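To keep things clear, I will list the structure first and then write my remarks on it.
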Amino acid sequence: MITTAPDFSFEQAAFARGARTVIGVDEVGRGPLAGPVTAAAVRLDPARIPAGLNDSKKLGARRREAIYAELIEVADVSVAHASVEEIDRINILAASHLAMCRAIAGLPARADLALIDGNLLPKDLPCAGEAIIKGDARSLSISAASIAAKICRDRIMVDLAQQHPGYGWETNAGYGSKAHMEALRNLGVTPHHRRSFKPVYNILYQEKSVSD
């Protein structure tokens, strides 16, 4: 179990091997029943690393917002998404990797190495990659990416909640909370729900069976 704070050792090791541009990449939103999957790629300036960087899940909302605002000022940050339609068509893992590659492509400079949270590298990665399990709690660059991805996806879900009230997306971010599941049963499936996900599929299938 990782209990120490993230540091810059993975990045420094890459610099020592000759890499000049090292980025951290993470995604958020693989588990929700609604909304896109979002990824961020971040290149930190070693001389201007925001204090308090950590796995986004370990930070409160206000702290995440403050760090994100600082990241935008001192780092290269690129955020990208894969849509619900893409998730349903190619599966959530492939869609999360697609979002990662899009985020990397959005950075101003081509990366020499991408430090990626998890145990798998996207097959279409446009640069060398290193998969780091629990990377958002170990690498400062990945921590930064986890914060950027979460902030941006949460904002999308708040906007979608205003368009589709009743599902609680402004607080559950599309995850299958008790209130969200109840709303799915009572209000039905929206265009922003992932139809390939079992709870959504089951509701659609049950409705079709009843109507038939």
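Position 1 is the first residue of the sequence; numbering continues from there. This structure is a prediction, so every number in the text was calculated from the model and none was measured.
Under the 4.5 Å side-chain heavy-atom criterion for Ile, Leu, Val, Met, Phe, Trp and Tyr, Val79 and Val28 are members of distinct hydrophobic clusters. Leu160 and Val84 are assigned to two separate hydrophobic clusters, defined by single-linkage of ILVMFWY side chains at heavy-atom distances under 4.5 Å. When the side chains of ILVMFWY residues are joined at heavy-atom separations under 4.5 Å, either directly or via intervening members, Val42 and Leu107 end up in two distinct hydrophobic clusters. Each of Val25 and Leu113 belongs to its own hydrophobic cluster when Ile, Leu, Val, Met, Phe, Trp and Tyr are linked at side-chain heavy-atom distances under 4.5 angstrom.
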Steps toward side-chain contact (heavy atoms from CB on, under 4.5 Å) verdict (Phe197, Ile87): CA-CA 9 Å; Phe197 278 40; Ile87 292 168; 3.9 Å; yes
Full working for side-chain contact (heavy atoms from CB on, under 4.5 Å) between Tyr68 and Cys152: CA-CA 10 Å; Tyr68 179 67; Cys152 292; 3.3 Å; yes
Steps toward side-chain contact (heavy atoms from CB on, under 4.5 Å) verdict (Ile116, Leu125): CA-CA 10 Å; Ile116 294 183; Leu125 196 64; 3.6 Å; yes
CA sep, side-chain torsions, deciding dist, call: Leu44, Leu71, side-chain contact (heavy atoms from CB on, under 4.5 Å): CA-CA 8 Å; Leu44 292 174; Leu71 279 171; 3.7 Å; yes
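Counting only distance, with no hydrogens or angles, the side chain of Arg110 and the backbone of Pro126 share a donor-acceptor pair below 3.5 Å. Put simply, the side chain of Asp88 gets close to the backbone of Arg195: a donor and an acceptor are under 3.5 Å apart. A donor-acceptor pair under 3.5 Å links the side-chain atoms of Ser78 to the main chain of Ala103, judged by distance alone. Proximity of a side-chain donor or acceptor of Arg194 to a complementary backbone N or O of Pro36 within less than 3.5 Å is detected. The main-chain N or O of His81 is found under 3.5 Å from a side-chain atom of Arg102 such that the two form a donor-acceptor pair. Between the side chain of Arg153 and the backbone N or O of Ala173, at least one donor-acceptor pair lies under 3.5 Å. Although no hydrogens or angles enter the test, the distance criterion places a donor-acceptor pair under 3.5 Å between the side chain of Arg138 and the main chain of Ile133. Judged purely by atom type and a 3.5 angstrom limit, Glu65 has no side-chain atom pairing as donor or acceptor with the backbone of Arg62.
Annotation: side chain of His97 is in contact with side chain of Leu120 (closest heavy-atom distance under 4.5 Å).
Going from atom CD1 of Ile72 over to atom CD1 of Ile67 covers 12.5 Å, rounded to the nearest 0.5 Å. Atom-to-atom distance recorded for Ser139:OG and Leu115:CG is 5.0 Å, nearest 0.5 angstrom. The line from CD1 of Ile49 to CD of Glu70 is 10.5 Å long, rounded to the nearest 0.5 Å. Annotation: the span from Asp76 atom CG to Asp45 atom CG amounts to 9.0 Å, rounded to 0.5 Å. The CG atom of Leu98 sits 11.5 Å away from the CG atom of Leu93 when rounded to the nearest 0.5 Å. Here Leu53 contributes atom CG and Leu59 contributes atom CG; the two are 8.5 Å apart, rounded to the nearest 0.5 Å.
In this structure, Ser146 and Ser56 approach most closely via the heavy-atom pair OG-N, 3.1 Å. Across every non-hydrogen atom of Tyr167 and Gly188, the tightest pair is OH-O, 2.7 Å. Contact record, Ala19 with Asp112: C-OD2, 3.9 Å, taken as the closest heavy-atom pair. Closest non-hydrogen pair, Glu11 versus Val22, comes out as CG-CG1, 4.0 Å. Summarising the geometry of Gly129 relative to Leu121, their closest heavy-atom pair is O-CD1, 3.6 Å, with the distance given to 0.1 Å. Closest of all the heavy-atom pairs between Leu33 and Gly176 is CD1-CA, 3.8 Å.
Side-chain polar atoms of Glu27 and Ser96 form no donor-acceptor pair below 3.5 angstrom.
Lys57 is linked by a salt bridge (charged side-chain N to carboxylate O under 4.0 Å, His left out) to Asp55, Asp136, counting only residues two or more places apart in sequence or in another chain.
More than 12 heavy-atom neighbours from other residues, nucleotides or ligands sit within 6.0 angstrom of CZ on Phe15.
When Ile23, Asp26, Ile147 are each tested for a side-chain contact (heavy atoms from CB on, under 4.5 Å) with Ile142, only one passes: Asp26.
The aromatic rings of Trp169 and His192 stand perpendicular to each other, their planes meeting at an angle above 60°, with 30° marking the opposite boundary. Using cut-offs of 30° and 60° for the angle between ring planes, the His180 and His193 rings count as tilted.
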